[in-house]
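Below: one structure, written as structure tokens.
So you know, we letter chains A, B, ... as the sequences are listed, proteins then strands, and number each from 1. Quick note: numbers below take in every heavy atom, side chains included, and nothing from hydrogens, waters or symmetry partners.
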Protein chains: 2
Amino acid sequence: MALTQTLDRKGQIQAAAQNLFRERGFAATSMRDLAKAVGIEPASLYSHITSKESILREICFHMADQFFEQLDQIDGQANPAEQLKQAIIGHISVIRKNYDASAVFLHEWRFLEEPNLGRFKSLRRDYEQRFRAILEAGQAAGQFRQMNMKIVLPTLFSSMNWAYEHVKPATLLPPEEVGETIWRLFVQGLEHK
Amino acid sequence: MALTQTLDRKGQIQAAAQNLFRERGFAATSMRDLAKAVGIEPASLYSHITSKESILREICFHMADQFFEQLDQIDGQANPAEQLKQAIIGHISVIRKNYDASAVFLHEWRFLEEPNLGRFKSLRRDYEQRFRAILEAGQAAGQFRQMNMKIVLPTLFSSMNWAYEHVKPATLLPPEEVGETIWRLFVQGLEHK
DNA sequence: TAATTTAGCTAACGAACGTTAGGTAAGTTA
DNA sequence: TAACTTACCTAACGTTCGTTAGCTAAATTA
């Protein structure tokens with residue numbers, strides 16, 4: 001990440017780890033790679049962290065916190081379509097603000113060890129349920145058509161999560177534009193009315 | 001995959017590798033893990049393959065072949081919306097027929113070494129262009145609304161590619177149903193007309 | 001049947017892995 | 001100033017990594 005010089009050592013390690021874990025994956029990144037990126041000896045990392053997995057753990061759970069915080073800012077009075085729009089834009093904004101960390105959150109969580117792995121999966125399930133509730137409210141209110149939620153829900157998440165895996169230029173599209181386009185695609189479809 | 005007993009050794013190695021690379025990732029799967037899954041000694045693998053990367057290479061390019069074959073079966077006379085439907089269902093069918101291998105294709109290709117990595121990326125770009133051409137034909141014909149293709153195209157691919165990463169029950173939904181639901185979502189949207 | 005190939009084995013190579021032990025020199029606190 | 005803490009170092013630990021060398025016994029071919 002940028003502005004590394006303003007971070008303390010712990011922060012530098014986390015930032016470098018986010019970047020390396022994103023680019024090469026957790027398993028293919030060695031502690032020696034990480035130490036080199038930070039500019040210290042491998043053994044010195046252990047003055048600041050307790051294990052390789054602990055770095056991954058902090059990245060994953062910190063991202064989870066941010067996704068939940070964003071959900072809490074949705075207008076509870078708005079109609080389902082409007083709530084969905086806010087949730088989509090919020091989700092994408094969190095990804096965009098944490099380019100490296102969100103890729104790690106999305107792809108590398110499986111290298112968490114128990115009990116963290118179980119806790120993580122549980123949080124993820126809760127988060128998905130919040131989106132499901134919005135979609136079902138839309139159906140109950142007659143605003144959304146009846147569709148198989150087992151398909152629509154993962155499709156929505158896949159659509160929101162693509163942002164991290166593309167090259168920088170594409171990801172520089174403003175989150176509001178990406179979010180609104182995906183939302184319009186989902187609500188109105190490609191076809192002219 | 002099932003029916004291992006009907007495969008020759010090379011085929012068994014490929015099937016086991018597809019499964020392990022999907023479940024743990026390429027980097028976190030050792031040749032000793034692979035040998036154990038096949039039931040032979042690690043060194044014996046090298047009677048059938050030339051390197052760990054060569055296994056990955058065969059998986060990735062074999063999947064690429066299948067995706068392109070599927071595209072060639074689309075009805076060139078049909079209108080863009082119909083062509084899109086066929087392309088989506090075809091893409092998802094290929095994934096479904098190759099549950100493990102498609103996950104490897106989608107996630108582990110970055111561990112290819114040059115020049116295979118470059119060749120792979122190029123094939124991928126070509127494949128995406130074929131979908132883009134269908135969408136743009138729909139816009140040119142006035143059937144699809146004008147939307148930012150830099151967003152719509154990756155959204156479409158993300159939507160099609162989720163199938164592999166979910167637990168078995170969800171993936172047992174028939175490809176036609178998944179494909180048609182995603183297609184309807186894209187063309188008509190969630191909202192009632 | 002003799003010669004060759006195939007498919008596996010044991011053993012081991014050098015390199016890289018995550019991590020720990022133990023020390024040093026500078027900065028901080030009592 | 002003396003005691004302690006912090007942030008790093010060098011050195012090395014035991015393990016695992018992908019892969020090779022060299023062998024054997026069975027299957028195949030001449």
Exercise for review: Please assess A/Q18 against A/Q14 for the test side chain to side chain donor-acceptor pair (under 3.5 Å), listing each intermediate value before the final yes or no.
Suggested key: CA-CA 6 Å; A/Q18 286 167 12; A/Q14 285 173 325; 5.8 Å; no
**Study point:** Any side-chain heavy-atom pair of B/Y127 and B/H91 under 4.5 Å
**Key:** yes
Review point. Which residue pairs pass the salt bridge (Lys or Arg N to Asp or Glu O under 4.0 Å) test when at least one of the two sits in residues 50-62 of chain B, sequence neighbours left out?
Key: B/K10-B/E58, B/E53-B/R57
**Study point:** Partners meeting salt bridge (charged side-chain N to carboxylate O under 4.0 Å, His left out) with B/R32 (sequence neighbours left out)
**Key:** none
Point to revise | Side chain to side chain, A/N116 and A/F61, heavy atoms closer than 4.5 Å | key: yes
Practice item. Classify the side-chain pair A/S158/A/N161 by whether it contains a donor and acceptor separated by less than 3.5 Å. Key: no
Exercise for review: Quick one: list whatever passes ring pair (Phe, Tyr, Trp, His ring centres under 6.0 Å) with B/F111, sequence neighbours left out.
Suggested key: B/F26
Check your understanding: Under the ring pair (Phe, Tyr, Trp, His ring centres under 6.0 Å) rule, what pairs show up with a residue in residues 32-52 of chain B, not counting sequence neighbours?
Key -> none
Practice item. Would you please name every residue forming a salt bridge (charged side-chain N to carboxylate O under 4.0 Å, His left out) with A/E41, sequence neighbours left out? Key: none
Point to revise | Heavy-atom closest contact (B/V104 atom, B/F21 atom, distance) | key: CG2-CB, 3.6 Å
Exercise for review: Applying salt bridge (charged side-chain N to carboxylate O under 4.0 Å, His left out), name anything that partners A/E69, two or more places apart in sequence or on another chain.
Suggested key: none
Review point. Does a side-chain heavy-atom distance below 4.5 Å link A/F68 with A/L123?
Key: yes
Practice item. Within residues 110-118 of chain B, find the residues that approach DNA chain C with a heavy atom at under 4.0 Å, and present them sorted by residue number. Key: none
**Study point:** Criterion salt bridge (charged side-chain N to carboxylate O under 4.0 Å, His left out) on A/R132 and A/D126, from CA distance to verdict
**Key:** CA-CA 10 Å; A/R132 175 190 276 261; A/D126 293 346; over 6 Å; no
**Study point:** B/S/- contact track for nucleotides 21-28 of chain D, protein heavy atom under 4.0 Å
**Key:** B-------
**Study point:** DNA chain D contacts made by residues 44-54 of chain B, counting heavy atoms under 4.0 Å
**Key:** B/Y46, B/S51, B/K52
Point to revise | Sequence-distant partners of A/D65, salt bridge (charged side-chain N to carboxylate O under 4.0 Å, His left out), two or more places apart | key: none
Practice item. Of all the heavy-atom pairs spanning B/M149 and B/P154, show the shortest one and how long it is. Key: O-CD, 3.8 Å
Practice item. Sugar-phosphate means primed atoms, P, OP1 and OP2; the rest is base. With that split, encode nucleotides 23-28 of chain C 5' to 3' as B, S or - using protein heavy atoms under 4.0 Å. Key: ------
Exercise for review: Using a cut-off of strictly less than 4.0 Å between a heavy atom of the residue and any atom of DNA chain D, enumerate the qualifying residues of residues 24-41 of chain A by number.
Suggested key: A/R32, A/I40, A/E41
Point to revise | Nearest-angstrom distance from the residue atom CZ of B/R9 to P of C/dT5 | key: 22 Å
